[in-house]
Amino acid sequence: MKTKLFVILILIAQFYGSNKNLFAQPSYPEDLVPAYANLKYAELSTTQVLDLFIPEGDGPFPLLINIHGGAFSFGGKEMLDVPIARELLNNSIAVATINYRLSGEAIFPAAVEDAKAAVRFLRSNAEKYKLTPGKFIVFGQSAGGHIVSMLGTCGDDIK
């Protein structure tokens, strides 16, 4: 038993040692470039930006807004599921992916406020970006899923 534990610890150490960029921010592949990168949707923090991918065509397009996971403490808008984004774009659905203030910068409900601000920004600029404001859907992974559920339930309780 001690030998197995020792081997597992060695493997973990090797993995972390060989992956110096383990927590580095991911990036998009070369063939997936946002039409609009780092759009500022609010003014409280430099982290309040989003990337917007627009499909080919005249639009207006429905929009899926992606909110990344990361235990509210790490991650970023680049944590977008690339195959899903490509499939959406190929089916004439625009994709936005947002950054929000992480827990080290601001406490709850800051991330929810940021998501709401991003939705308001996209709706108010829908014509400019060829979006259909009545056809937005929000999707999130892990912490992002929690933020999405709060968007759908908090109403005006959180601005």
Side-chain angles (χ1 to χ4, degrees), residues 15 19 21-106 108-159:
F15 174 77
N19 289 286
N21 292 325
L22 186 63
F23 295 104
Q25 198 70 0
S27 60
Y28 305 119
E30 289 181 19
D31 66 332
L32 186 67
V33 178
Y36 302 93
N38 294 314
L39 284 172
K40 192 118 182 83
Y41 65 81
E43 299 295 328
L44 294 175
S45 171
T46 58
T47 61
Q48 294 171 310
V49 294
L50 62 86
D51 291 346
L52 183 58
F53 299 84
I54 305 292
E56 296 291 324
D58 296 329
F61 304 104
L63 174 69
L64 179 130
I65 302 169
N66 178 73
I67 303 180
H68 70 84
F72 303 100
S73 61
F74 67 92
K77 59 186 169 45
E78 295 81 9
M79 293 172 67
L80 176 65
D81 188 299
V82 172
I84 291 175
R86 284 187 183 126
E87 190 65 25
L88 291 165
L89 292 166
N90 289 338
N91 284 281
S92 298
I93 299 171
V95 177
T97 182
I98 72 166
N99 274 350
Y100 53 85
R101 289 173 289 163
L102 301 173
S103 61
E105 178 181 357
F108 179 84
V112 180
E113 293 168 341
D114 291 355
K116 290 183 102 173
V119 171
R120 282 193 300 271
F121 170 83
L122 289 163
R123 281 203 173 131
S124 67
N125 290 286
E127 187 174 336
K128 176 180 181 178
Y129 298 119
K130 302 192 298 183
L131 305 173
T132 308
K135 294 187 178 180
F136 284 17
I137 189 166
V138 188
F139 173 81
Q141 309 84 18
S142 191
H146 180 270
I147 294 167
V148 168
S149 68
M150 293 298 293
L151 283 176
T153 59
C154 67
D156 291 333
D157 291 338
I158 297 176
K159 303 294 181 203

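Hydrogens, waters and symmetry mates play no part in the numbers below; they use all other heavy atoms, side chains included.
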Any chance you could measure [X], atom [atom1], to [Y], atom [atom2], to the nearest 0.5 Å?
X      : Y      : atom1 : atom2 : value
Asn99  : Gln48  : CG    : CD    : 10.0 Å
Ser142 : Ile67  : OG    : CD1   : 12.5 Å
Arg123 : Phe136 : CZ    : CZ    : 6.0 Å
Thr132 : Leu63  : OG1   : CG    : 9.0 Å
Asn125 : Leu39  : CG    : CG    : 8.5 Å
Glu78  : His68  : CD    : NE2   : 8.5 Å

- Task: For the residue pair Gln141 and Asp81, confirm or rule out a side-chain donor-acceptor distance under 3.5 Å.
- Result: no
Listing request: all salt bridge (charged side-chain N to carboxylate O under 4.0 Å, His left out) pairs with a residue in [range], at least two apart in sequence or in separate chains.
range            : answer
residues 49-62   : Asp51-Lys77
residues 62-75   : none
residues 127-150 : none

Closest heavy-atom pair and its distance - [X], [Y]:
X      : Y      : answer
Gly140 : Val148 : N-CG2, 3.6 Å
Leu102 : Gly75  : CD1-O, 4.1 Å
Ala143 : Ala71  : CB-N, 3.8 Å
Ala111 : Tyr100 : CB-CD1, 3.5 Å
Ala94  : Leu89  : CA-CD2, 4.3 Å
Val112 : Cys154 : CG1-SG, 4.2 Å

List for me each residue that meets side-chain contact (heavy atoms from CB on, under 4.5 Å) alongside [X], sequence neighbours excluded, and say none if there are none.
X      : value
Leu88  : Leu64, Ile84, Ile93, Val95
Ala35  : Ile54
Ala118 : Tyr41, Leu50, Ile98
Pro29  : Asp31, Leu32, Val82, Arg86

- So, the side chain of Asn66 versus the backbone of Ala96: is there a donor-acceptor pair under 3.5 Å, distance only? no
- Query: Does the pair Arg101 and Glu113 meet the rule for a side chain to side chain contact (heavy atoms under 4.5 Å, CB included), with working shown?
  - Reply: CA-CA 9 Å; Arg101 289 173 289 163; Glu113 293 168 341; 3.5 Å; yes
- Note on the structure: Residue set satisfying side-chain hydrogen bond (donor to acceptor under 3.5 Å, both in side chains) with Ser45, at least two apart, ordered chain then number -> Thr47, Glu105
- Qualifying ring pair (Phe, Tyr, Trp, His ring centres under 6.0 Å) pairs, either residue in residues 76-97, two or more places apart: none
- Item | Worked check of side chain to side chain contact (heavy atoms under 4.5 Å, CB included) between Ile137 and Ile65 | CA-CA 6 Å; Ile137 189 166; Ile65 302 169; over 6 Å; no
Results of ring pair (Phe, Tyr, Trp, His ring centres under 6.0 Å) for [X] - residues two or more places apart only:
X      : result
Tyr129 : Tyr36
Phe53  : Tyr28
Phe72  : His146

